Amino acid sequence: MTASSLSFKLAVLFVIAGMAMGIGMAASQNHAIMPAHAHLNLLGWVSLFLFGIYYERRPALNASRMALIQVALWSVGTVIMTIAVAAIHLGYHAADPIAAISSIIVLAAMLMFAYFVFRPAPVAEASPNVRMTPAE
Ligand code: HEM
């Protein structure tokens, strides 16, 4: 599996969970876990989908194991952070260190992505991807 297809699949699963969480908050009129909902949607849906678009435009990077690891690390960090942030906002402050560890995991994944973006390697070059449309 390529990094982009893993990103898109996980992003869709995350947003379905995030939307269900939003509907649950709205229906119960209890917005206590709003920060967990916001992090799940923004890390799990928006950011992951953006990673997928970036990888899809760079076929060599997209097929690399490093990019797959970056997506997996980001996704694991997102799941742990969402659960920990929800627990904290429901009053379980013992989850504080888990939230801290998950934030380091997500930061590590973002540093990996920063490395892909900044390294001067042909593997990270965007493909021209020019689409020609025939004139009618
Ligand atoms: C079925 C879809 C969704 C429902 C029912 C829903 C519901 C909610 C609710 C009830 C809140 C709490 C508002 C408050 O307490 O002030 C909230 C906050 C938030 N939601 Fe959603 N949401 C949905 C989808 C999304 C998506 C797709 C995203 C991001 C792409 C998102 C991002 C946010 C953010 C960032 C906040 C925090 C806003 C703030 O700080 O005031 N939500 N949502």
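Atom set for the values below is all heavy atoms of this structure, side chains included, hydrogens, waters and symmetry mates excluded. All figures in this text were calculated on a predicted structure; none of them were measured in a lab. Remember, it's 1-based here, ligands and their atoms both numbered in the order they're listed.
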Nearest candidate to atom 28 (C) of ligand 1, where distance is taken over non-hydrogen atoms, out of N41, V15, I23 = N41
Protein heavy atom at shortest distance from atom 7 (C) of ligand 1 = G22 CA, 3.5 Å
Shortest protein contact, atom 11 (C) of ligand 1 (heavy atom only) = M25 CE, 3.6 Å
Enumerate the atoms of ligand 1 whose separation from the nearest heavy atom of V46 is less than 4.0 angstrom.
-> 30 (C)
State, with a plain yes or no, whether a side-chain heavy atom of I105 is found less than 4.5 Å away from one of L73.
-> yes
With only distance considered, is H31 within less than 3.5 Å of ligand 1 through an N or O on each side?
-> yes
For atom 12 (C) of ligand 1, the option (of M34, H39, H37) bearing the nearest heavy atom | M34
Taking side chain as C-beta onward, heavy atoms only, is F8 less than 4.5 Å from E56?
-> yes
What is the nearest protein non-hydrogen atom to atom 36 (C) of ligand 1, stated with its residue, atom name and distance?
-> A38 CB, 3.9 Å
Is the Y54-F113 ring centre distance short of 6.0 angstrom?
-> yes
Is any side-chain heavy atom of I80 closer than 4.5 Å to a side-chain heavy atom of I101?
-> no
Any side-chain heavy atom of T78 sitting closer than 4.5 Å to one from H39?
-> no
Can you tell me if Y55 and Q70 form a side-chain donor-acceptor pair at under 3.5 Å?
-> yes
Just heavy atoms, cut-off under 4.0 Å: does M19 contact ligand 1 by side chain, backbone, both, or neither?
-> both
